[in-house]
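Data block below; observations after.
The residues of the chain are indexed from 1 along the displayed sequence. Excluded from the calculations below are hydrogen atoms, water molecules and symmetry mates; all remaining heavy atoms, backbone and side chain alike, are included.
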Amino acid sequence: MRAKRRPPASSRTTGARRWGERVVGAADRRLPLVDGGGRLLRKAFPEHWAFLLGEIALYSLVVLVLTGVWLTFFFKPEMREVVYQGRYVPLRGIRMSQAFDSTLHISFDVRGGLLVRQMHHWAALVFVAAIGVHLLRIFFTGAFRRPREMNWVIGVTLFVIAVTEGFAGYSLPDDLLSGTGLRIAQGIMLSLPVVGTYMSMFVFGSQFPGEDIVARLYGMHILLLPGLLIALVTVHLILVFQLKHTQWRGPGRTNRNVVGKPLFPQFMALSMGLSFAVGGVTALLGGLAQINPVWVYGPYRPDQVSTGSQPDWYVGFLEGALRLVPPWETNVAGHTLMWNVLLPAIVLPGLLFLVLYAYPFVEQKLTGEWREERNLCDRPRERPVRTGLGVAGTIFYAVLLLAGGNDIMANSFRVSLNTLTWIFRIALVVAPIVGFLITRWLCHALLVAEQRRLTEGQETGRVRQTVEGGYASDHRPVTRFRPGAPRRAISPPESRTGTPSPEPPTPAPRRR
């Protein structure tokens, strides 16, 4: 009797699949965006929560666009001075720019204006945070490897543009706090050798503060930068569909398939629910949590400085770097090189983003993984060096962020500002190294403990006495596994970066 041929393993339903899950095999790897839409709608997406961080960034961008369009109907990007006559009594009769006057008008005179304005600000913070956490997830799981290097480059570029867009919007109200930030930005421009003064005059249109900066930032904020963001997000999504999604290791999951929910209707329903949640949370924050109360700061005056001023968190690391570098200056041929501004505000962020752009290519070259595609995610413990580097970079950023508020901390805790500054200077060098060493040790320890658990089994909590008079604990086979965890004991990792656990063997087809 002739044996019946079965379909290949990449397209068969495995025992680990639940109802509604689908496997996309190698034949579906690069799906055309047409073909009646059928193959597109059947595309599988893993359902683990870590893969939804990018969705949060996408839907917060939608909230930003919707609220931003509404705000453009009322905001006037002009620096022409007017006398305020609005509802906020403490500022009546005060001369201010048209931009600040329209911001107060939105906050106090337009129905729902303060809610929409605060929703816009909160959505901007969520957007940048979601991109940052999404990049961390990609970094720690190795999802930047071939063939997704370009998506990593696009993600880092999106983060840079989002930070720039946030700073531009933050500066539009022309209040005392945002004006102080613009003054710092102008000082950073002036620190550039030779071209600094020319760049400052080009950006501001005249001597600081000039009369053109708000109008120029407004054009960037509502047209140029949003256009770049939407274009890059579109390219990013196209590449996600074209290259298929990464996934955790597990039964039936290989480098040649994707196991998960189909795009329609399961994943689309989940994604739409998340979009409503993002919109609801930003609306709740906008209605209950006050943010950027410009009426408290007052209009910007070049002869005044806002004490205790703090920027939004995503540029706080630049503020901290400026506060930690000693006052180093050098005079060369009549030109003053301000190292205390040039190094922390231009050289340092340039090096940080250069490292982010280059890391996927450098790691794959050092580990030899650039020859093959990697569609299965690593667990951070499996890559001790990479995880240690990620933790060290995060600690480095956190120290700079805390240093950006050293004056507030010194005043609140009644400690010396100079002492606190030196503590942060030392921590900036020592803390990342200590974090790297501890993280690498923890990763190795977790791998050893996991292998012992797989080899000996899971403790039952019962202790028995042996024939020899000793005591031993009972064990039972491990039956519950976390996403990506190996199902059987493997040999210790040989690579410095950690070796991923091997894929489970595919069972041979049975013949009838």
Side-chain angles (χ1 to χ4, degrees), residues 33 51-73 75 77 116-139 143-144 148-173 178 181 185 203 213-243 271 274-275 277-279 281-282 285-286 291-292 311-318 349-350 352-354 356-357:
L33 297 183
F51 300 125
L52 297 176
L53 296 171
E55 304 272 331
I56 297 176
L58 175 63
Y59 294 127
S60 58
L61 177 61
V62 173
V63 175
L64 277 171
V65 172
L66 294 177
T67 55
V69 169
W70 189 89
L71 290 172
T72 57
F73 297 149
F75 183 74
V116 177
R117 180 174 158 266
Q118 294 197 149
M119 281 183 62
H120 189 72
H121 202 130
W122 277 114
L125 298 182
V126 173
F127 178 60
V128 180
I131 294 178
V133 178
H134 184 53
L135 287 174
L136 287 176
R137 196 277 299 175
I138 292 174
F139 178 85
F144 52 76
R148 297 174 182 83
E149 299 94 336
M150 187 52 62
N151 247 355
W152 170 263
V153 172
I154 291 175
V156 175
T157 306
L158 280 172
F159 186 79
V160 175
I161 297 176
V163 169
T164 308
E165 170 78 335
F167 179 77
Y170 168 85
S171 304
L172 288 180
S178 64
V203 171
I213 185 62
V214 169
R216 293 179 178 182
L217 288 175
Y218 185 71
M220 291 180 57
H221 185 69
I222 70 168
L223 183 62
L224 178 60
L225 295 178
L228 290 175
L229 283 174
I230 294 174
L232 288 177
V233 167
T234 302
V235 175
H236 178 75
L237 293 177
I238 291 175
L239 288 177
V240 168
F241 275 83
Q242 187 78 1
L243 300 175
S271 184
L274 182 61
S275 69
V278 171
V281 169
T282 53
L285 289 172
I291 189 169
N292 198 23
D312 283 336
W313 68 268
Y314 45 82
V315 290
F317 76 102
L318 287 178
L352 287 177
F353 284 105
L354 180 62
L356 289 177
Y357 278 117

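- For F127, there are no ring pair (Phe, Tyr, Trp, His ring centres under 6.0 Å) partners, not counting sequence neighbours.
- Between L318 and P349, the closest side-chain pair of non-hydrogen atoms falls below 4.5 Å.
- F159 is linked by a ring pair (Phe, Tyr, Trp, His ring centres under 6.0 Å) to nothing, counting only residues two or more places apart in sequence or in another chain.
- Heavy atoms only, all atoms of each residue included: P311 and G316 are closest at CG-CA, 4.1 Å.
- Between A123 and V63 the shortest heavy-atom distance is CB-CG1, 3.8 Å.
- Taking CG of L239 as the reference point, atom CD of E149 lies at 11.0 Å (rounded to 0.5 Å).
- Taken from CZ in F75 to CZ in R117, the straight-line distance is 10.0 Å, to the nearest 0.5 Å.
- Judged as a side chain to side chain contact (heavy atoms under 4.5 Å, CB included), and not counting sequence neighbours, the contacts of S275 are Y59, M272.
- Between P226 and I222 the shortest heavy-atom distance is CG-C, 3.7 Å.
- Relative ring orientation between H134 and H236 is described as perpendicular, the plane-to-plane angle rising above 60° on a 0-90° scale split at 30° and 60°.
- Here CG of L158 is found 5.0 Å from CG of L232. Values are rounded to the nearest 0.5 Å.
- Taking all atoms of both residues into account, the shortest heavy-atom contact from I131 to A57 is CG1-CB, 4.0 Å.
- Considering CG of L285 and CD of Q118, their distance stands at 10.0 Å, rounded to 0.5 Å.
- Looking only at distances, no side-chain donor or acceptor of R137 sits under 3.5 Å from a matching main-chain atom of L53.
- Note that CG of L224 and CZ of R216 are 14.0 Å apart. Values are rounded to the nearest 0.5 Å.
- When all heavy atoms of T282 and M119 are compared, the pair lying nearest together is O-CG, 3.5 Å.
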Verdict with reasoning, I238 to T234, per side-chain contact (heavy atoms from CB on, under 4.5 Å): CA-CA 6 Å; I238 291 175; T234 302; 4.1 Å; yes
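- For the side chain to side chain donor-acceptor pair (under 3.5 Å) condition, the pairs that include at least one residue of residues 158-171, sequence neighbours left out, are E165-H221.
- The minimum heavy-atom distance between Y357 and V156, with the atom names listed, is CZ-CG1, 3.7 Å.
- A distance of 13.5 Å separates CG of L61 from CD1 of I56, quoted to the nearest 0.5 Å.
- Remark: L125 engages H121, W122, I291, D312, W313, Y314 in a side chain to side chain contact (heavy atoms under 4.5 Å, CB included) (not counting sequence neighbours).
- In this structure, F167 has no ring pair (Phe, Tyr, Trp, His ring centres under 6.0 Å) partners at least two apart in sequence or on a different chain.
- Counting only distance, with no hydrogens or angles, the side chain of W152 and the backbone of L356 share a donor-acceptor pair below 3.5 Å.
- Two residues are said to be in side-chain contact when any heavy atoms from C-beta on lie closer than 4.5 Å; Y218 and T72 meet this criterion.
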